Amino acid sequence: MAAYDYLVVGAGLYGAVFAREATDAGKKVLVIDIRPNVAGNVYTEDVEGIHVHKYGAHIFHTNNAQVWDYVTRFATFNRFTNSPVANFHGELYSLPFNMYTFNKMWGVVTPEEAAAKIEEQRREAGITEPANLEEQAISLVGTDIYEKLIKGYTEKQWGRPCTELPAFIIKRLPVRLTFDNNYFNALYQGIPVGGYTAMVENMLEGIEVRLSCDYFANKEELDALADRVVYTGAIDAYFNYQLGPLEYRSVRFETELLDKPNFQGNAAVNYTDRETPWTRIIEHKWFEFGKDAEGNDLPKTVISREYSSEWKPGDEPYYPVNDAKNGALYEKYRELAEAETKVIFGGRLGEYKYYDMDAVIASALAKAAEELA
Ligand code: UDP
């Protein structure tokens with residue numbers, strides 16, 4: 001008999017949720033992670049009282065009441081509302097695309113005027129059935145906004161022309177004919193008070209966790225410890241890239257502690273021109289200290305510039321490149337994964353999917369329910 005019912009590889013959101021559910025169903029679970037800490041890419045690190053999102057900014061938002069009820073068992077959420085500012089060569093615009101953006105771009109005042117302007121630009125571009133990100137963007141917001149707020153940012157972020165990217169990526173962003181700078185169309189939104197690391201630690205309470213533990217270096221030995229394995233790393237890495245590597249985008253973070261209370265006055269500023277080398281600057285304190293007075297009580301601030309790059313071995317994979325070519329390769333890996341009857345593949349890397357946090361949690365809950373039934 002194996003010592004554990006489940007070995008969970010990866011202590012990120014998928015792994016932590018699955019481990020919690022299995023443990024609560026009476027199973028014995030061992031969680032391992034190669035990093036010296038839990039929480040995967042939602043990990044937050046305390047720097048001078050500021051929770052720094054070390055592997056990229058994470059803003060929790062969901063329309064799924066079951067997921068919201070679930071996460072709020074492990075953390076209290078603040079009322080942070082994401083409203084990024086776009087900086088195009090020093091011109092500032094509101095995001096997502098809404099009446100404030102249209103007013104600044106064209107001087108239009110009413111929703112009818114904004115809709116007419118978008119319609120005119122869409123008609124001039126002659127797009128009927130958008131086949132890629134560029135066509136999708138122009139048909140949603142017109143050419144001016146595409147040129148100033150989408151094209152440069154997207155090409156830096158993905159390292160590919162917008163004509164070669166799938167349309168669904170831009171549909172993540174709302175387009176509104178109202179004065180509303182809330183980036184997400186979600187019923188529930190916020191940041192866990194105390195940081196994401198504390199939330200994941202709460203999920204893993206009472207569960208055995210081994211950190212700095214390299215799964216592939218001791219795979220046979222670790223697999224033998226459990227009846228079933230939940231693997232949340234990259235699916236192509238699991239199979240030693242035998243069908244060739246899937247493409248990912250990686251991000252390099254240049255993080256600085258500054259001796260001033262307020263650098264940019266907002267959590268996220270996106271640099272949407274092609275010339276600025278970074279995609280965005282995150283000022284971490286504003287995720288938590290939402291008011292000027294509170295934020296300025298802390299004399300320092302931490303900022304991270306994000307530089308996007310093509311993933312290569314040794315980098316952290318962040319974004320799957322969900323185009324047709326990678327989709328076809330992923331299908332082949334998925335067939336191999338299905339033959340591994342002892343192993344469940346889950347999460348953004350395990351399923352090669354541009355998952356938001358709430359979708360990862362919903363997927364782990366569904367898998368756990370199926371598995372533990
Ligand atoms: N995007 C853009 N301009 C912006 C912000 C986003 O063109 O100022 C596009 C870009 O293609 C990006 C996509 O919208 O990849 C999705 O953005 P989101 O903010 O959801 O990306 P994430 O936060 O996951 O990096």
Side-chain angles (χ1 to χ4, degrees), residues 13 41-42 53 55-62 80-89 91-98 100-101 104-105 130 132-176 181-186 189 191 247-253 264 266-276 278-282 284 287 304-311 316-323 348-349 353-360:
L13 277 181
N41 283 356
V42 305
H53 295 216
Y55 300 97
H58 285 80
I59 299 137
F60 195 87
H61 57 97
T62 190
F80 179 80
T81 299
N82 192 27
S83 306
V85 171
N87 180 324
F88 176 81
H89 291 306
E91 280 171 38
L92 300 186
Y93 292 92
S94 293
L95 291 175
F97 312 118
N98 75 94
Y100 290 110
T101 328
K104 177 97 189 241
M105 188 69 69
N132 55 51
L133 196 154
E134 175 172 294
E135 294 181 6
Q136 181 69 69
I138 293 171
S139 77
L140 285 172
V141 289
T143 38
D144 289 338
I145 289 181
Y146 170 66
E147 296 289 342
K148 285 192 168 181
L149 304 184
I150 298 176
K151 190 171 194 284
Y153 186 93
T154 299
E155 296 192 352
K156 286 191 286 187
Q157 163 71 14
W158 295 98
R160 289 157 176 75
C162 290
T163 47
E164 286 172 23
L165 286 164
F168 85 86
I169 292 176
I170 200 67
K171 288 208 213 140
R172 291 169 59 84
L173 276 60
V175 178
R176 302 196 184 103
N181 288 333
N182 182 352
Y183 200 63
F184 300 117
N185 281 324
Q189 178 173 185
I191 304 278
E247 292 175 304
Y248 300 88
R249 294 297 288 174
S250 192
V251 184
R252 181 169 62 81
F253 299 97
Q264 63 185 16
N266 203 33
V269 176
N270 292 0
Y271 285 77
T272 58
D273 58 76
R274 196 71 189 77
E275 288 67 35
T276 306
W278 52 84
T279 51
R280 58 187 168 194
I281 301 182
I282 300 299
H284 301 267
F287 287 129
S304 299
R305 289 188 183 79
E306 297 188 12
Y307 299 84
S308 179
S309 61
E310 198 66 16
W311 176 87
E316 295 286 352
Y318 287 99
Y319 296 89
V321 181
N322 289 121
D323 60 11
R348 198 186 256 224
L349 298 175
K353 200 164 165 192
Y354 192 0
Y355 265 139
D356 285 331
M357 289 181 278
D358 64 328
V360 165

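Each ligand, and each atom within it, is numbered from 1 in the order the structure gives. Predicted, not measured: the structure shown is a model, and the values here were computed from it. All residue numbers in this chain count up from 1 along the given sequence.
For atom 25 (O) of ligand 1, the closest non-hydrogen atom of the protein is Tyr319 OH, 2.5 Å. The nearest protein atom to atom 20 (O) of ligand 1, hydrogens excluded, is given as Arg172 NE, 2.8 Å; this is a heavy-atom distance. Atom 15 (O) of ligand 1 has its closest protein heavy atom at Trp158 NE1, 2.8 Å. The protein heavy-atom contact nearest to atom 24 (O) of ligand 1 is Tyr354 OH, 2.6 Å. The nearest protein atom to atom 11 (O) of ligand 1, hydrogens excluded, is given as Thr154 OG1, 2.7 Å; this is a heavy-atom distance. Of the protein's non-hydrogen atoms, Leu149 O, 2.9 Å is the one closest to atom 3 (N) of ligand 1. Remark: minimum distance from atom 9 (C) of ligand 1 to any protein heavy atom is reached at Ile170 CD1, 3.6 Å. Regarding atom 19 (O) of ligand 1, its nearest protein heavy-atom neighbour is Tyr183 OH, 2.6 Å.
For the pair Arg252 and Tyr307, the cation-pi test (distance below 6.0 Å, angle within 45°) is passed.
A salt bridge between Glu310 and Arg249 is present, with a side-chain N of the basic residue lying under 4.0 Å from a carboxylate O of the acidic one.
The distance from ligand 1 to the heavy atoms of Leu95 drops below 4.0 Å at these ligand atoms: 8 (O). Below 4.0 Å from some heavy atom of Ile169 lie the following atoms of ligand 1, by number and element: 11 (O), 13 (C), 15 (O), 16 (C). In the vicinity of Gln157, heavy-atom distances shorter than 4.0 Å reach the ligand 1 atoms 15 (O). Counting the atoms of ligand 1 from 1 in the order shown, those under 4.0 Å from a heavy atom of Ile150 are 7 (O). Heavy-atom contacts of Thr272 reach the following atoms of ligand 1: 8 (O) (cutoff under 4.0 Å).
For the atom pair CD1 of Ile59 and NE2 of His53, the computed distance is 7.5 Å after rounding to the nearest 0.5 Å.
Put simply, the side chain of Lys148 never gets that close to the backbone of Glu91: no donor and acceptor are under 3.5 Å apart.
Checking Arg176 against Asn182 by side-chain atom types alone, no donor-acceptor pair falls below 3.5 Å.
Between Arg280 and ligand 1 there is a heavy-atom distance shorter than 4.0 Å.
Of all heavy-atom pairs between His61 and Asp356, the closest is CE1-OD2, 3.7 Å.
Using a 4.0 Å cut-off between heavy atoms, Asn270 contacts ligand 1 through its side chain alone, with no backbone atom that close.
For Glu134, the side chain to side chain donor-acceptor pair (under 3.5 Å) partners two or more places apart in sequence, or in a different chain, are Tyr146.
When each of Leu173, Val269, Leu95 is tested with Pro84 by the rule side-chain contact (heavy atoms from CB on, under 4.5 Å), just one qualifies, namely Leu95.
Using the six-membered ring where Trp is involved, Phe168 and Tyr354 have ring planes that are perpendicular, over 60° apart on the 30 and 60° scheme.
For the pair Val251/Thr279, no side-chain contact is recorded, criterion being any heavy-atom separation below 4.5 Å from C-beta on.
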